[in-house]
Amino acid sequence: MKGSCAATLGRLGIRPVERRRESTWEKYYAVIRRIPRGRVATYGQVARMAGRPRHARQVGYALYTLPQGSKLPWHRVVNATGGLSVGRVVPGGDLAQRFRLEREGVAFGLNGRIALKRYGWGQSSARRRR
DNA sequence: GCAATGACGCTCT
DNA sequence: CAGAGCGCCATTG
């Protein structure tokens with residue numbers, strides 16, 4: 001893929017202003033886009049896969065500036081505790097995320113957290129029950 | 001350029 | 001296992 005980056009970002013609804021830092025967050029978006037359906041990844045995991053360990057916060061920043069019309073599966077990104085931190089900036093956003101994940105087959109624990117050991121991206125995939 | 005903020009992670013209590 | 005504190009680093013004001 002060559003200049004498809006700009007086209008892809010345009011498809012995602014990224015504005016010119018965000019294009020400037022695309023080189024920085026592009027990797028995060030690419031990784032998130034690679035997250036398989038019915039699986040979740042932590043911010044640190046995404047940052048690590050993007051080749052930027054310890055940048056978990058910046059991943060959250062990237063999603064923070066993410067437009068609503070983006071087709072990015074942001075709902076598959078959770079924190080290390082398997083909880084949802086979206087509600088910090090989007091009231092009820094965590095609820096929507098939870099609903100989306102449950103619809104994909106991701107189950108939540110009684111404490112409202114996801115069993116990353118089972119649904120974590122790169123974990124024992126063969127262990128997941130139908 | 002400096003100071004404050006933040007959709008986080010790890011460690012200690 | 002749950003809660004609080006400190007650290008990391010890029011974006012924003």
Side-chain angles (χ1 to χ4, degrees):
Chain A
M1 33 292 255
K2 326 280 266 313
S4 306
C5 303
T8 304
L9 290 172
R11 182 168 61 83
L12 293 173
I14 307 296
R15 306 233 163 192
V17 182
E18 278 109 26
R19 274 193 210 169
R20 185 178 62 79
R21 51 203 176 187
E22 120 191 7
S23 44
T24 306
W25 297 344
E26 175 204 323
K27 311 195 68 129
Y28 301 146
Y29 294 139
V31 173
I32 295 170
R33 201 180 305 153
R34 284 170 52 191
I35 300 176
R37 178 177 158 287
R39 206 73 61 79
V40 296
T42 66
Y43 295 91
Q45 191 81 39
V46 174
R48 201 183 191 113
M49 289 179 180
R52 259 86 180 137
R54 265 63 185 195
H55 285 218
R57 276 183 135 162
Q58 273 54 320
V59 176
Y61 238 88
L63 293 177
Y64 175 76
T65 59
L66 193 67
Q68 300 176 345
S70 68
K71 300 299 187 296
L72 210 72
W74 57 268
H75 56 275
R76 292 174 189 157
V77 184
V78 299
N79 56 36
T81 61
L84 308 179
S85 308
V86 188
R88 292 193 138 178
V89 289
V90 183
D94 52 343
L95 267 301
Q97 183 176 9
R98 176 172 178 171
F99 198 79
R100 273 181 180 275
L101 290 173
E102 286 185 325
R103 202 170 74 176
E104 291 188 352
V106 179
F108 281 71
L110 299 177
N111 48 9
R113 286 183 304 201
I114 305 172
L116 298 175
K117 188 177 178 182
R118 194 163 82 193
Y119 298 103
W121 188 23
Q123 297 296 332
S124 308
S125 54
R127 184 67 63 178
R128 73 175 173 83
R129 56 161 177 73
R130 49 167 274 91

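Numbers restart at 1 for each chain; the letters A, B, ... are given by sequence-line order, proteins then strands.
In terms of polar N and O atoms assigned as donor or acceptor, the side chain of A:R57 never comes within less than 3.5 Å of the base of C:dC9 in a complementary pairing.
Here A:E104 does not pair with A:R39 in a salt bridge; the nearest charged N to carboxylate O distance is not below 4.0 Å.
Across B:dG9, C:dA10, B:dA7, the shortest atom-to-atom separation from the side chain of A:H55 is found for C:dA10.
Per the geometry, CH2 belonging to A:W25 stands 14 Å off P belonging to B:dG6, to the nearest Å. The distance between atom CD of A:Q58 and atom P of B:dT5, rounded to the nearest whole Å, is 16 Å. One interatomic measurement links the two molecules: CG of A:N79 to C1' of B:dG9, which rounds to 9 Å at whole-angstrom precision. Here the P atom of nucleotide B:dA7 and the CZ atom of A:R98 are 21 Å apart, to the nearest Å. Rounded to an integer number of Å, the gap from A:Y28 OH to B:dA7 P is 15 Å. What separates CD of A:E26 from P of C:dT11 is a distance of 14 Å, to the nearest Å. Computed from coordinates, the A:R52 CZ to B:dC8 P distance equals 20 Å when rounded to whole Å. When rounded to the nearest whole Å, the span between CZ of A:R48 and P of C:dC8 equals 16 Å.
A:V77 and A:L95 sit in two unconnected hydrophobic clusters of ILVMFWY residues. Membership requires side-chain heavy atoms under 4.5 Å apart, directly or through other members.
Residue contacts for A:T81: at a heavy-atom cut-off of 4.0 Å it reaches no nucleic acid atom on any strand shown. The residue A:R88 sits close only to the backbone: its heavy atoms come under 4.0 Å of sugar-phosphate atoms, none of a base. Heavy atoms of A:V86 sit under 4.0 angstrom from at least one base atom.
Side-chain atoms of A:L116 and A:W121, non-hydrogen and from C-beta on, never get closer than 4.5 Å to each other.
Closest-nucleotide positions on DNA chain C for A:R54 and A:R113 were compared, and the one nearer the 5' end corresponds to A:R113.
Panel note: side chain A:Y119, backbone A:G82; no donor-acceptor pair is recorded below 3.5 Å.
Geometric assessment of A:R57 against the ring of A:Y43 yields a negative cation-pi assignment under the 6.0 Å and 45° thresholds.
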